Asks: 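Dropping a structure here in C-alpha cells format, bear with me for questions.
Model, not experiment: these values are computed from the prediction. Residue indices begin at 1 and follow the sequence shown.
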Amino acid sequence: MAAKIGIVSGNRGHSPKTPFLQQQSVAFQLAVACCAWPLDMPRVERLADAQAEWSEFLALVKRHRIPGLAHRALKPVTRIPEQVHQTLSARARASILGNLSCIALLSQLDKQFSNSDIRYAVLKGIPLSQQLYGDNSVRQTRDIDLLVAPDDFETAESILLQAGLKRVEPDRELTPQLRKAWFNLRHHFSYVYPKHGITVELHWRLFDNSDIDPGPRVLQELEQVEISPGISFPVLRRESLLPHLMMHGASHAWCRLKWLSDVAALLADFSIDDRKHLLQQASDQGVEPAFRQAIGVCEALELLPSYDTAPASATERWLTSVALHGLLQDEPSRGNFQVRHLMLSRYLLSPRRSYRLQELRVHAFSADDWMMFPLPQWLTFAYPLFRAPFWLIRRSLYALR
C-alpha cells in the first residue's frame with residue numbers, strides 16, 4: 001500500500017453521535033479520535049480544547065499502547081499544555097528507539113532465514129505500521145511475531161537460538177507427548193533477545209484454534225513492505241491480513257484501541273463492494289461473528305462509517321458490548337468481568353461446532369499441568385478432567401511461596 005497523508009480537514013469536528021461515546025469522558029473520546037484514520041483534525045482539536053484531565057488522557061495512551069498515534073494527532077495542536085507535548089514526544093521517541101532495535105534484529109533474522117530458504121512472514125509490528133499509516137514509527141511495537149510453515153519450525157528455531165535468543169515459553173525441554181500437544185493446541189513459542197529485551201514469537205500457525213486457521217497456504221503469496229530505504233520484510237497480503245487482525249483482536253475482546261485503529265485503517269482501503277466480499281469471506285472461513293464484532297465496536301467508536309449490513313444478532317450485540325466494556329477496564333487482565341466474559345466470548349467467535357469443540361480442547365490444555373503433574377502416557381487423555389483440581393493445587397502452592 002502506498003503511504004498516505006491521513007488528515008481530514010473541514011467541518012467534521014462534530015460531537016459524538018453514538019450513545020457509547022456520548023457517555024465517555026473527554027479524555028477517552030480524545031484517545032479514540034487519535035486512533036481514527038484518516039485523522040479528523042477538527043474533531044481532535046475540539047476535544048483537545050475541552051480536555052482538562054490530561055493525566056487521565058496520558059494514562060489511556062499508556063493503557064492502550066498508542067503513544068505514536070497520540071503524538072501524530074496532537075503534535076500540530078498548539079492549545080495543549082507544553083508538559084503534555086513533552087510527555088507524548090518522549091514516549092514517541094522511546095517507541096521509535098524500540099522499533100529501531102526490532103528492525104535491527106529482524107534484518108539479522110531475515111538474512112539467516114533467506115540463507116536457509118525459509119519462507120516466513122512478519123505479523124503485525126513495524127511492517128504493519130508502514131502498511132497502514134505509511135510510517136513505521138506510528139505503531140508501538142513490543143515484540144516481533146514471525147510465521148513459518150510447520151515443516152520449517154525446527155530450523156527457524158535453531159536460527160533464533162544461534163542469534164542469541166532464549167526460549168521462555170515453554171521454558172524447559174518438552175517430552176515428545178507434551179510437544180505434540182503444544183503444537184496441536186497452541187500456535188507459537190516465545191523467545192527473548194536479552195541484549196535489547198525484545199520478545200520474539202515464532203508461530204507455526206496464526207491461531208491456537210486450528211479449525212479456523214488457514215494453514216501454510218497464507219505463506220504462498222506474500223507482499224514485501226519497505227520500512228526504510230533498502231530494508232523490506234515479507235508480510236501477509238491484506239486479504240489474509242484482515243482476518244488475522246480481526247481474530248487476534250477478538251480473541252482479546254478488543255481490549256486495546258491500538259488494535260481497533262489497525263482494523264479501521266485497513267478497512268479504509270477497501271471499497272464498499274470489497275467490504276461485502278470480505279464479510280462473505282469471513283462467513284466462509286467461519287468467523288463472521290468476529291468480523292461483525294470488530295465492525296460493531298469500530299462503529300460505536302466512530303472509527304468507521306455504518307456498514308450497510310443485516311442487523312446484528314443477539315450474539316453479535318453481546319460480543320460488541322463485551323469488547324466496549326473491556327476498553328474501559330484499567331487493564332485487560334484484571335477484573336472478574338473481563339476474564340469471565342473474555343473466555344465465553346471466544347466460544348462465540350464462530351458458529352461452527354467444530355470450532356467450539358476445538359476451543360474447548362485449547363482451554364482444557366495446560367502445559368503447567370503436564371509439567372507439574374506428569375501422568376503416564378496411557379492416562380494423558382485425563383488431563384482435561386483434572387484441570388480444575390490441578391489449578392487449585394497450583395494456586396495453593398503459589399500462595400505458600
Side-chain angles (χ1 to χ4, degrees), residues 65 95 98-110 112-113 116 118-131 136 139-174 178-179 181-210 212-216 218-219 222 225 227 233-236 240-241 243-252 255-256 258-259 262 332-333 346 362 365-368:
R65 300 178 185 171
S95 180
N99 287 357
L100 290 175
S101 297
C102 288
I103 291 171
L105 178 57
L106 264 175
S107 299
Q108 178 184 350
L109 296 177
D110 177 77
Q112 296 301 318
F113 282 178
S116 299
I118 293 178
R119 193 172 183 84
Y120 81 101
V122 183
L123 305 175
K124 307 189 300 294
I126 297 168
L128 181 60
S129 183
Q130 188 71 41
Q131 274 182 293
N136 63 42
R139 292 183 85 255
Q140 181 181 10
T141 298
R142 296 168 64 97
D143 55 18
I144 296 172
D145 294 82
L146 306 175
L147 175 69
V148 299
D151 291 343
D152 289 329
F153 181 83
E154 289 190 7
T155 303
E157 181 180 43
S158 177
I159 289 172
L160 263 60
L161 297 175
Q162 291 174 10
L165 285 89
K166 178 183 178 182
R167 196 174 77 189
V168 294
E169 186 185 6
D171 60 355
R172 65 196 74 181
E173 289 301 315
L174 305 179
L178 181 52
R179 188 177 181 86
W182 197 294
F183 270 73
N184 287 337
L185 300 170
R186 295 290 183 267
H187 68 295
H188 72 269
F189 283 177
S190 295
Y191 309 79
V192 168
Y193 189 49
K195 185 176 180 180
H196 295 295
I198 300 171
T199 297
V200 177
E201 293 183 357
L202 186 60
H203 299 243
W204 52 88
R205 62 170 175 265
L206 292 176
F207 313 115
D208 282 343
N209 193 315
S210 58
I212 57 169
D213 193 87
V218 296
L219 290 169
L222 301 174
V225 172
I227 61 171
F233 300 115
V235 299
L236 300 180
S240 300
L241 174 62
H244 170 56
L245 293 180
M246 288 204 166
M247 282 304 299
H248 173 268
S251 66
H252 296 85
C255 59
R256 297 199 191 279
K258 170 184 174 180
W259 302 327
D262 292 342
S333 60
R346 287 177 177 170
V362 168
F365 171 72
S366 168
D368 290 336

Asks: Taking all heavy atoms of S116 and all of I159, pick out the closest pair and write down the distance.
Replies: OG-CD1, 3.6 Å

Asks: Any side-chain heavy-atom pair from L245 and W259 closer than 4.5 angstrom?
Replies: no

Asks: Mind checking whether L123 and H244 have side chains closer than 4.5 Å, heavy atoms only?
Replies: yes

Asks: Between CH2 of W182 and CG of L174, what distance do you get to the nearest 0.5 Å?
Replies: 6.5 Å

Asks: Can you tell me how far the CG atom of N99 sits from the CD atom of Q140, to the nearest 0.5 Å?
Replies: 8.5 Å

Asks: Do L236 and L222 have side chains that get closer than 4.5 Å, going by heavy atoms?
Replies: yes

Asks: Report the residue from I126, N136, I227, V235 that forms a side chain to side chain contact (heavy atoms under 4.5 Å, CB included) with Q131.
Replies: V235

Asks: Would you give the length of the straight line joining atom CD of Q112 to atom CD1 of I118, rounded to the nearest 0.5 angstrom?
Replies: 9.5 Å

Asks: Do Y193 and Q108 have side chains that get closer than 4.5 Å, going by heavy atoms?
Replies: yes

Asks: Quick one: do M247 and L206 satisfy side chain to side chain contact (heavy atoms under 4.5 Å, CB included)? Show the steps, please.
Replies: CA-CA 9 Å; M247 282 304 299; L206 292 176; over 6 Å; no

Asks: Side chains of Q162 and S158: donor-acceptor distance under 3.5 Å anywhere?
Replies: yes

Asks: Nearest 0.5 Å, please: how far is CG in L128 from OG1 in T141?
Replies: 8.5 Å

Asks: Working to the nearest 0.5 angstrom, can you tell me the gap between L147 CG and R119 CZ?
Replies: 11.0 Å

Asks: Is it true that R139 and D262 make a salt bridge, defined as a side-chain N closer than 4.0 Å to a carboxylate O?
Replies: yes

Asks: Report the C-alpha distance between I144 and Y191 in whole Å, list the side-chain angles of each, state the deciding distance to 0.1 Å, and finish with yes or no for side chain to side chain contact (heavy atoms under 4.5 Å, CB included).
Replies: CA-CA 10 Å; I144 296 172; Y191 309 79; over 6 Å; no

Asks: What is the minimum heavy-atom distance between D145 and D143, and which atoms define it?
Replies: OD1-OD1, 3.2 Å

Asks: Are the aromatic rings of F189 and F183 close, with centres under 6.0 Å apart?
Replies: yes

Asks: Does R205 use its side chain to pair, donor to acceptor, with the backbone of R186 at less than 3.5 Å?
Replies: yes

Asks: Give the minimum heavy-atom separation between F233 and V122, together with the two atoms involved.
Replies: CB-CG2, 3.9 Å

Asks: With a 4.5 Å heavy-atom cut-off, do H188 and L202 have their side chains touching?
Replies: no

Asks: So L146 and F113, do their side chains get closer than 4.5 Å, heavy atoms only?
Replies: yes

Asks: I need the K124 NZ to E201 CD distance, nearest 0.5 Å.
Replies: 7.0 Å

Asks: Answer yes or no: is there a donor N or O on one side and an acceptor on the other, between the side chain of R256 and the main chain of G249, under 3.5 Å?
Replies: no

Asks: Where do R172 and R167 come nearest, in terms of heavy atoms and distance?
Replies: O-NH2, 2.8 Å

Asks: Which heavy atom of P194 sits nearest to which heavy atom of G164, and what is that distance?
Replies: CD-O, 3.4 Å

Asks: What are the two closest non-hydrogen atoms of F207 and P214, and how far apart are they?
Replies: CE1-CD, 4.2 Å

